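What you are looking at is a predicted structure, and each value in this text was computed from that prediction instead of being measured. Just so we're on the same page: letters track the sequence lines, and every chain starts at 1.
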Amino acid sequence: MAKLYSEKIPQKQDNLNPKKETIDFLLNYSKALSVIHCNKLKFEALLN
Amino acid sequence: MKHELITDAVLVRNYLQGDESALSVLISRHKQKIYSFIYSKVYDRDITEDIFQDTFIKVIKTLKLGKYNEEGKFLPWVMRIAHNLVIDHFRRNNRMPKFDNAGEFSIFSVLSDASLDAEKQLIKEQIECDLRRLIEELPEDQKDVLVMRMYKDMSFKEISDKTGVSINTALGRMRYALINLRKVIDQKNIILTN
């Protein structure tokens, strides 16, 4: 059978989901982030 | 299942009112689409993970700062953020060539042969030969000092002891030797570089 010389195309992956750690990080980041309103200014604050 | 009934707009509103679980629902509802979209552009799981994370960090910040105003278009908005971050990634990557370990590994990408190739070796020998001939043309006292300093690696103190002149005289002879060499090289347009 003839060889194929085209570039390798990455295999389709069915399991395309972010890692659990990434999701956990985002949820924790969201909980930790608070926005402080001061007159017309807004400050971001990350609380541990 | 219950979550599917709640629209994105309502979830965003709940989130803005402090319901953190609404964000969790939004992420799990759209994570596969967004992640697949990023992966379809970068073809690298680690980079996809990074861009996915950055996308939602931007989403969270924008929502909490009260800058989100696209009611009912949550997914297209997040996709646009992801798209922009993918573009940023490629721009950054073009500027900063990186060690590519994604495909086939080439050892020559990290190793290089520092030794001279045959042609450069020949040129080097030729230059050294020319230089020796030029040195031979120098006055005897200057030639002696230069040979002792450069080829025999002697200190000026040793040269002064050996030749019976002061260190200052030896230094002066060395200086004139170099001046004369440069003069001859310039006059005859000799190229002594590899």
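Atom NZ of K61(B) has 12 or fewer heavy atoms from other residues, nucleotides or ligands within 6.0 Å. With a 6.0 Å radius and a threshold of 12 heavy atoms from other residues, nucleotides or ligands, K31(B) has its NZ atom above the threshold. Residue H83(B) places its NE2 atom among 12 or fewer non-hydrogen atoms of other residues, nucleotides or ligands, all under 6.0 Å distant. Atom OH of Y29(A) is surrounded by more than 12 heavy atoms from other residues, nucleotides or ligands within 6.0 Å.
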- Take I27(B) and L27(A), measure what side chain to side chain contact (heavy atoms under 4.5 Å, CB included) needs, and give me the verdict at the end. CA-CA 9 Å; I27(B) 292 179; L27(A) 296 176; 4.1 Å; yes
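Scanning both residues, E20(B) and S30(A), for their nearest heavy atoms gives OE1-OG, 2.5 Å.
The shortest distance between side-chain heavy atoms of K19(A) and Y35(B) does not fall below 4.5 Å.
A single hydrophobic cluster is seen to contain both V147(B) and I167(B), as judged by linkage of ILVMFWY side chains at heavy-atom distances under 4.5 Å, directly or through other members. There is no path of hydrophobic side-chain contacts, each under 4.5 Å, that joins M150(B) to Y176(B).
Atom CG of N17(A) and atom CZ of F52(B) lie 8.0 Å apart (nearest 0.5 Å). Atom CD1 of I57(B) is separated from atom CG of L33(A) by 9.5 Å, given to the nearest 0.5 angstrom. Annotation: the span from L16(A) atom CG to T48(B) atom OG1 amounts to 8.0 Å, rounded to 0.5 Å.
At a 4.5 Å heavy-atom cutoff, K33(B) makes no contact with chain A through either its backbone or its side chain.
Judged by distance alone, the side chain of E49(B) and the main-chain N or O of T22(A) form no donor-acceptor pair under 3.5 Å.
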